[in-house]
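What follows is a set of notes on a single structure, which appears directly below.
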Amino acid sequence: MASNEEILAGLAEIVNEETGLATEAVEMDKSFTEDLDIDSISMMTIVVNAEEKFGVRIPDEEVKNLKTVGDAVSFIASAQA
Amino acid sequence: MARKVVITGLGATTPIGGDVPTMWKNALKGVSGAHTLEDDWVAKYELPVHFAARASNPATEVLSRVEAKRMDPSTQFAVVASREAWADAGITEIDHDRLAVAFATGIGGVWTLLDAWDTLREKGPRRVLPMTVPMLMPNGPAAAVSLDLGARAGAHTPVSACASGTEAVHMGLDLIRSGKADVVVCGGAEAAIHPMPIAAFASMQALSRRNDDPEHASRPYDIDRDGFVMGEGAGALVLEAEEHALARGARIYAELAGTSVTADAYHITAPDPEGLGATRALKAAMFDGRIQPEDVVHVNAHATSTPVGDKPEYAALKAALGKQLDSVAVSATKSQMGHLLGASGAVEAVLTVMAIYDRKAPVTINLENQDPEIPLDVVTTARELPSGSIAALSNSFGFGGHNAVIAVRSI
């Protein structure tokens, strides 16, 4: 079971790998689209990589609710619980 | 009178150089880009061919990691070559609505396609990357170049197997002459050194099997030629309406005088043994460029090094150029870099432009015993081309009976 900090750090690595954004830029209150400029195709890649990394399933219909990095961290944490 | 079209920028990434200056230096020296493949899949799949001519420089020397991740290797090569050509042209101000792209590939994103199929079978549909479709589509290189340079007058992808790169140059000329664009970035890219295409080309007996001596395997016109050598990379040219180039005081390499495309309608893979389709293409390109046989001093031949392919091209050159052929310096540059398939015509167009601009014909290596049925004047050490107004031709032929020819004239 990963802590929120661990999930954030793991997610930041995935975002960096996909987009080249610095891991420090990936903060809880940042919006994937507005702040991080991540398009829908990159978002799906990030989701699938997060599923593998954290051993969870993020349904397609859930992805549109993951507006901020914090939303994703919370979802992954609850899915792991 | 048709708009005159000139060439103002060149780019290339090939097995004998990752940019035009390096490639040209090596092309005049005569080097081989073919080497034994170290990949474990050669033994794993018991491939009958153990070598190929890989691009000498990885695309990641130019592209960022994130850029490269979203592109099939063929598209990576296209962007590398077109960025070099664009920088070389030195265009600082452009109406982007008048800038077009014509970028070809023979096979397209074969690595992406087959990797995705492996992923689907091994890990399931969820793991198939969302970027798979834009990465595998054959228009991927043209689209990426258009996006990279902001070319909005259309992004086109002629596909005609190993004639694709030359057909892209042909299309570029048409786009400018017809007034649809003032500047066109054209070229071809290929990245098919993957076990499946190697197995498939080997299966049709098209590849050389000289596994113990890769550097000497590509030997166009030699009596002991036994097939082509797979190469990879890209070539790119910036074509420009002459008035557009003159207005900005551009350095002009040469005039793209004429082009043509014909089809054999003879056999799906075998060339017409009499080279009739190639003859028509040669004559049409010369007519299009108002070029007489006696203007032609150099030919960059298709010459892939297959036993059946090299002869009909000779017949076609003889039919189109007549006795002038005795005075034509013929270069078979696939001897050095192998066969870049859909990129070959574009890279050879770059070499042909450099030959006219530098007035030197590049080298054909590995010609030890010339096939007596192909009595061409083959350039085996770099040769000076005459002064004055001169012209050169570059031929490409592709499976499907495609013939494409471009004619380049000195300015």
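Any value given below was found using the heavy atoms of this structure, including those in side chains, with hydrogens, waters and symmetry copies removed.
More than 12 heavy atoms of other shown residues, nucleotides or ligands fall within 6.0 angstrom of atom CD in B:E61. Enclosure of atom CG in B:D95 by more than 12 non-hydrogen atoms of other residues, nucleotides or ligands within 6.0 angstrom is indicated. Dense packing is recorded around CH2 of B:W41, with more than 12 heavy atoms of other residues, nucleotides or ligands lying under 6.0 Å away.
Using a 4.5 Å cut-off on side-chain heavy atoms (C-beta onward), B:R127 and A:N49 make contact. Here the side chains of A:I41 and B:R70 are in contact, with some heavy-atom distance below 4.5 Å.
Residues passing the salt bridge (Lys or Arg N to Asp or Glu O under 4.0 Å) test with A:E62, sequence neighbours excluded: none.
Here B:K123 does not pair with A:E52 in a salt bridge; the nearest charged N to carboxylate O distance is not below 4.0 Å. Salt bridge A:E17/B:R65: present, at least one basic N to carboxylate O contact under 4.0 Å.
Taking NZ of B:K69 as the start and OG1 of A:T19 as the end, the distance is 9.5 Å to the nearest 0.5 Å.
Heavy-atom distances place both the backbone and the side chain of A:T45 under 4.5 Å from chain B. Only the side chain of A:E51 comes within less than 4.5 Å of a heavy atom of chain B; its backbone N, CA, C and O stay farther away. Interface remark: A:S42 contributes backbone and side-chain atoms alike to the contact with chain B (heavy atom separation under 4.5 Å).
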_Stepwise side-chain contact (heavy atoms from CB on, under 4.5 Å) test for A:V48 and B:R126_ = CA-CA 7 Å; A:V48 171; B:R126 186 73 176 165; 4.2 Å; yes
